[in-house]
Amino acid sequence: MILELLISAFVFFVLLMGLMMFFVRHQSKLPYYRQSQADCVAMLEKALAGNLPEFEWYAFIGLSIRDNESLDTLRERCCWIDEFETKGTQLVNGRLCVSFSNKGRKELEKLLDEWQHKADYLI
């Protein structure tokens, strides 16, 4: 009787550990949005050309960039532009693209000029 109880407890323990190992190995990682300087420059160029997809713009301004403080500052400046200087959306090649006011376009040009030539020095 005690031997059967010990064997049952051991089998239960082994099954429980196997199940835990399965979930630890196959757990899904949280998605994250990682941008580089080149990605941001390309996005600003698309915005000035008038063919920046709405989803790309809102994905950029909506998610903070935790691994690069200067890119997050750029994102915050773009949030300000979105808040005060967007005119809405327009259909370009079957996709909704963000359109900006003249003042917003000037701000985007300043950001593009600044970020095209910015070097990220590691200290």
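Counting from 1, the numbers follow the sequence of the chain as shown. The analysis underlying the following values was restricted to heavy atoms, covering all of them including side chains, and did not include hydrogens, waters or symmetry mates.
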About how many Å separate [atom2] of [Y] and [atom1] of [X], when rounded to the nearest 0.5 Å?
X      : Y      : atom1 : atom2 : result
Thr86  : Trp57  : OG1   : CH2   : 8.5 Å
Ile61  : Glu83  : CD1   : CD    : 8.5 Å
Asp113 : Glu109 : CG    : CD    : 9.0 Å
Arg77  : Trp115 : CZ    : CH2   : 8.5 Å
Arg75  : Ser70  : CZ    : OG    : 12.5 Å
Leu63  : Tyr58  : CG    : OH    : 14.0 Å

Same cluster or not: are [X] and [Y] linked, directly or through other Ile, Leu, Val, Met, Phe, Trp or Tyr residues, by side-chain heavy atoms under 4.5 angstrom apart?
X     : Y     : answer
Met21 : Phe13 : no
Val92 : Val98 : no
Leu74 : Phe84 : yes

For Asp39, check side-chain contact (heavy atoms from CB on, under 4.5 Å) against everything at least two apart and list the hits.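 Once residues adjacent in sequence are excluded, the partners of Asp39 under the side-chain contact (heavy atoms from CB on, under 4.5 Å) criterion are Gln35, Ser36.
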Between the side chain of Asp72 and the main-chain N/O of Ser64, is any donor-acceptor distance below 3.5 Å? no
Can you check whether [X] reaches [Y] side chain to side chain, under 4.5 Å on heavy atoms?
X      : Y     : answer
Ile7   : Glu4  : no
Leu111 : Ile81 : yes
Phe100 : Asp82 : no

May I have the list of side-chain donor-acceptor pairs in residues 43-55 shorter than 3.5 Å, sequence neighbours left out?
unit_1 : atom_1 : unit_2 : atom_2 : d
Glu45  : OE2    : Gln116 : NE2    : 3.3
Lys46  : NZ     : Glu56  : OE1    : 3.1
Lys46  : NZ     : Glu56  : OE2    : 3.4

side-chain hydrogen bond (donor to acceptor under 3.5 Å, both in side chains) contacts touching residues 91-105 (sequence neighbours left out): Glu85-Ser101
